[in-house]
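Right, one structure below, let's go through it.
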Amino acid sequence: MSVLSALADAIRSQSVEVIDLTAPLSASTPVIMLPPPFGNTATFSLSEISRYDDRGPAWYWNDITTGEHTGTHFDAPVHWVTGRDGEDVSQVAARSLIAPAVVLDFSAHAAADPDFLLEVDHIKAWEADHGPLPEGGWLLYRTGWDERSADQARFLNANESGPHTPGVSIECARWLAEQAPVMGFGVETVGTDAGTAHSFDPPFPCHAALLGAGKYGLTQLQNLAALPATGTVVIAAPLPIVGGSGSPSRVLALVERS
Ligand code: MN
């Protein structure tokens with residue numbers, strides 16, 4: 001049997017399960033909120049064109065308003081100044097959109113400390129138990145933050161000092177960009193950097209290092225808890241927005257059940 005026939009059969013029989021890692025996209029989907037003087041992104045919205053009425057008696061359709069970085073989305077290298085000469089989202093190779101993934105679960109750490117930062121040593125310890133990070137794949141960073149994703153205030157978790165959400169250290173961001181074999185880094189939070197990363201030196205190190213290295217980001221993922229630590233294949237499908245810095249994306253995981 002061909003590999004693809006076997007895969008199709010396995011999906012039908014659910015010996016390969018398809019798990020949706022995508023947040024529903026609606027007007028209440030949380031978006032990042034930058035302080036003045038920075039620009040902010042639109043929340044998602046529908047604008048009705050017709051709904052089986054005078055404007056279109058047999059059809060229903062909407063225009064949509066969305067940011068490129070609204071909801072579950074893909075960060076392309078050109079999103080960051082360090083990657084300004086890199087790929088826009090339409091230029092990311094299709095074959096890169098289907099890739100192996102591992103899940104590192106630090107939800108207990110993030111529950112104890114919302115400002116928790118992943119360090120290189122955490123990843124090395126994980127590799128000692130589970131093997132190396134996947135070449136050309138994704139490191140998916142589970143923090144339990146998807147549990148908050150229906151509520152913008154809880155999701156952003158901001159107080160007078162700014163947002164408090166888990167992320168990675170400066171050193172870890174550089175290591176992921178320059179030394180780790182992965183093609184990208186996926187998170188459950190509103191962005192790949194920690195909530196406090198605006199105050200790091202340099203600020204937003206995960207965006208700066210990974211996108212500067214031509215790597216990718218995936219954000220606002222859900223259901224990482226349903227994935228095994230290793231062995232997942234992720235299908236991440238951003239729209240090919242010409243010149244775009246990112247795109248809302250449907251992100252699916254294939255998981256083999258024994
Ligand atoms: Mn983004």
Side-chain angles (χ1 to χ4, degrees), residues 17-24 29-30 32 69 71-75 99-134 136-151 154-157 163-169 171-173 175-177 180-197 205-207 209-210 215-236 249-257:
E17 191 176 350
V18 181
I19 297 172
D20 200 338
L21 306 185
T22 319
T29 299
I32 198 167
H69 298 260
T72 302
H73 71 267
F74 190 101
D75 284 355
V102 295
V103 180
L104 278 64
D105 183 358
F106 285 85
S107 50
H109 296 70
D113 175 12
D115 294 320
F116 173 75
L117 299 179
L118 188 67
E119 300 284 357
V120 176
D121 283 349
H122 291 122
I123 301 177
K124 300 255 181 174
W126 183 93
E127 286 183 305
D129 290 340
H130 298 281
L133 298 179
W138 294 100
L139 190 170
L140 304 180
Y141 176 34
R142 172 159 162 70
T143 55
W145 224 256
D146 60 338
E147 181 271 323
R148 298 168 175 251
S149 65
D151 181 327
R154 288 189 68 230
F155 194 64
L156 299 183
N157 198 38
H164 295 275
T165 60
V168 303
S169 72
E171 182 197 14
C172 187
W175 185 86
L176 286 170
V182 293
M183 140 189 100
F185 180 61
V187 300
E188 297 171 332
T189 44
V190 77
T192 55
D193 268 296
T196 53
C206 198
H207 284 86
L210 268 91
K215 294 187 175 184
Y216 309 127
L218 278 178
T219 76
Q220 288 177 254
L221 298 170
Q222 303 200 334
N223 299 324
L224 297 185
L227 305 183
T230 65
T232 293
V233 169
V234 162
I235 302 166
S249 301
R250 193 70 181 258
V251 183
L252 304 173
L254 304 183
V255 174
E256 194 157 7
R257 300 298 182 198

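Bear in mind that the values here come from a model prediction, so they are computed numbers and not experimental data. Computed from heavy atoms alone, side chains included, the values below leave out hydrogens, waters and symmetry copies.
- Shortest non-hydrogen contact noted between Cys206 and Phe185 is SG-CD2, 3.7 Å.
- Summarising the local packing, CD of Glu119 is surrounded by more than 12 heavy atoms from other residues, nucleotides or ligands at distances under 6.0 Å.
- Annotation: side chain of Thr143 is not in contact with side chain of Val187 (no heavy-atom distance under 4.5 Å).
- No side-chain donor from either of Thr72 and Gln220 sits under 3.5 Å from a side-chain acceptor of the other.
- In summary, the side chains of Thr230 and His130 do not present any donor paired with an acceptor at a separation below 3.5 Å, with no hydrogens or angles considered.
- Between Thr232 and Pro100 there is no side-chain heavy-atom pair separated by less than 4.5 Å.
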Stepwise side-chain contact (heavy atoms from CB on, under 4.5 Å) test for Val182 and Trp138: CA-CA 6 Å; Val182 293; Trp138 294 100; over 6 Å; no

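- Between Leu133 and Trp126, the closest side-chain pair of non-hydrogen atoms falls below 4.5 Å.
- Of the inter-residue distances, the one linking Glu171 atom CD with Asp121 atom CG reads 7.0 Å to the nearest 0.5 angstrom.
- At least one side-chain heavy atom of Leu224 sits less than 4.5 Å from a side-chain heavy atom of Leu21.
- Under 3.5 Å, the side chains of Asp193 and His207 contain a donor-acceptor pair of N or O atoms.
- Taking each heavy atom of Leu117 and Tyr141 in turn, the nearest pair found is C-OH, 4.4 Å.
- Contact between Ala110 and Phe116 at its shortest, heavy atoms only, is CA-CB, 4.2 Å.
- Heavy-atom minimum distance, Pro228 versus Val255: CD-CG1, 3.6 Å.
- When every heavy atom of Thr219 is checked against every heavy atom of His73, the shortest pair comes out as OG1-CE1, 2.7 Å.
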Evaluation steps, side-chain contact (heavy atoms from CB on, under 4.5 Å), between Trp175 and Lys124: CA-CA 11 Å; Trp175 185 86; Lys124 300 255 181 174; 4.0 Å; yes

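- Here the side chains of Tyr216 and Met183 are in contact, with some heavy-atom distance below 4.5 Å.
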CA sep, side-chain torsions, deciding dist, call: Asp115, His164, side chain to side chain donor-acceptor pair (under 3.5 Å): CA-CA 6 Å; Asp115 294 320; His164 295 275; 2.8 Å; yes

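- The minimum heavy-atom distance linking Cys172 with Val120 is given by the pair CA-CG2, 3.6 Å.
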Stepwise side-chain contact (heavy atoms from CB on, under 4.5 Å) check, Leu227 with Ile19: CA-CA 8 Å; Leu227 305 183; Ile19 297 172; 3.8 Å; yes

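- Looking at heavy atoms from C-beta onward, Leu140 lies in side-chain contact with Val234 at the 4.5 angstrom threshold.
- With contacts defined as side-chain heavy-atom distances shorter than 4.5 Å, the pair Leu221/Asp146 does not qualify.
- Side-chain contact between Trp145 and Ser107 is absent, with no heavy-atom pair separated by less than 4.5 Å.
- Of the charged side-chain nitrogens involved, at least one lies within less than 4.0 Å of a carboxylate oxygen, so that Glu147 and Arg154 count as a salt-bridged pair.
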